[in-house]
Amino acid sequence: MIKLHDKYFKPFISAKEIDDVIQRLAIEIAEDVGDEIPVFVGILNGSFMVVSDFVKKYPKPCEVTFIKLASYEGVKSTEDIQRLIGLTQDLTGRTVVILEDIIDTGNTLAEVHRIFENEKVKSLKIATLFYKPEAYKKDYKLHYVGIEIPNKFIVGFGLDYSGLGRNLPEIYQIKETQHMTNLVLFGPPGAGKGTQADFLKEKYNLVHISTGDVFRYNIKNETALGMLAKSYMDKGELVPDQVTIDMLNAEVEKNAGAKGFIFDGFPRTNAQAESLDKLMDSKDSQIDAMIALEVDDEILVERLLSRGKTSGRVDDADESIIRNRIAEYYDKTAILKDFYSAQNKYFGVDGVGSIEEITVRLSSVIDEL
Ligand code: IMP
Ligand code: MG
């Protein structure tokens with residue numbers, strides 16, 4: 001992923017794919033042109049890379065020239081096309097092929113046709129590397145189209161966003177949802193996860209999704225997913241991952257404008273971690289980090305026993321039950337630690353100290369992401 005000015009873009013079309021397409025266009029056009037010496041007319045600025053690569057692949061003699069038009073402001077095409085440099089040579093009787101980087105609304109193309117209206121060229125053909133059929137509003141024939149793409153803003157390979165991105169050798173597409181910071185928060189029982197999650201969600205404007213809470217909410221409110229989950233639980237079966245993912249998806253969608261999410265209690269397995277990656281990917285986003293609070297077993301036991309004295313939670317009163325819960329936590333999370341470490345996304349944070357000290361440590365991890 002890359003950031004240009006205020007916007008984020010994700011990889012979309014590789015340099016190799018672009019190269020293959022330009023090769024194909026060059027052959028196709030050379031065959032059609034036959035023995036004529038064509039004049040290729042690039043439309044500046046965007047087309048400089050296509051033209052350069054195209055003519056290197058063109059297998060026969062040809063001429064190259066440019067006209068310079070400007071229509072785009074930011075990420076929107078405008079009707080108002082400025083003619084910055086017009087035709088500088090007589091093209092009477094010539095076979096002309098316009099080389100465009102991209103055809104979007106077709107406004108620029110309309111201007112090109114106006115420019116050629118009074119030129120007595122032998123033929124005028126239009127070739128474009130990229131074409132957005134959903135955006136095209138004109139009737140001019142496009143003789144050669146490299147790749148049809150959806151109506152989303154792209155940058156790279158000559159195309160810019162307010163001046164930036166032209167130099168990129170591959171194409172990036174704008175991200176639908178802008179950047180989110182998504183965390184998976186882990187910690188053994190007694191590590192202070194809840195306290196820290198509350199703090200992080202305030203400080204970074206994140207939405208805390210506790211899987212336990214989401215389940216309880218859906219079951220209590222008898223949502224379709226809640227009822228489905230309950231039907232498995234009533235039979236003593238595990239709720240299938242897809243049901244949980246669907247619930248999490250609903251939570252993510254409820255908070256569409258969020259700056260990010262803290263996932264708590266999910267994932268627990270590799271398969272779940274992969275599903276969560278897919279879910280974030282479908283939102284044009286990603287899990288940025290698994291943050292695990294690390295606290296020594298003896299300290300956890302001590303903390304939980306003293307909590308048990310005041311909270312009355314039975315599972316906090318018995319030392320062997322506590323030790324079991326801690327051991328189970330390490331059993332289950334070891335795999336996930338490997339999963340996220342492999343992507344350089346695992347961050348262990350020392351969970352011993354005052355609440356403030358720990359929040360400072362967590363913040364420094366998040367600030368670095
Ligand atoms: P049209 O006039 O709307 O067809 O747009 C043509 C011109 O707008 C192109 O030559 C580009 O300079 C620019 N353009 C169109 N779509 C994009 C895009 O997705 N990214 C960057 N520039 C674009
Ligand atoms: Mg252009």
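Numbering of ligands and ligand atoms starts at 1, following listing order.
Listed by number with element, the atoms of ligand 1 under 4.0 angstrom from any heavy atom of L159 are 21 (C), 22 (N).
Looking only at side-chain heavy atoms (C-beta outward), F130 and D101 stay at 4.5 Å or farther from each other.
Residue contact check for ligand 1: V155 places no non-hydrogen atom closer than 4.0 Å to it. Ligand 1 lies nowhere less than 4.0 angstrom from a heavy atom belonging to L109.
Within the structure, every pair that satisfies the ring pair (Phe, Tyr, Trp, His ring centres under 6.0 Å) test and touches residues 86-113, not counting sequence neighbours, is listed here: H113-Y140.
For the residue pair P267 and A273, the shortest heavy atom distance occurs at CB-N, 3.4 Å.
Judged by a 6.0 Å distance limit and a 45° cone about the ring axis, K254 is positioned over the six-membered ring of Y217.
Between atom 17 (C) of ligand 1 and the options R166, K137, K138, K132, the minimum heavy-atom separation is to K132. Nearest to atom 11 (C) of ligand 1 by heavy atom, out of D104, T105, I102, is I102.
A centroid separation of 6.0 Å or more is found between the aromatic rings of F347 and Y340.
In terms of polar-atom proximity, defined here as any N/O pair under 3.5 Å, I154 does make such a contact with ligand 1.
At a 4.0 Å heavy-atom cut-off, ligand 1 touches D160 through the backbone alone.
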Distance-only criterion, 3.5 Å: show the donor-acceptor pairs between side-chain atoms of residues 361-369 and protein atoms not counting sequence neighbours.
residue : atom : partner : partner atom : Å
R361    : NH1  : D350    : O            : 2.6
R361    : NH1  : V352    : O            : 2.9
R361    : NH2  : V352    : O            : 3.3
S363    : OG   : K203    : NZ           : 3.4
S363    : OG   : T359    : O            : 2.8
S364    : OG   : R361    : O            : 2.9
D367    : OD1  : Y204    : OH           : 2.8

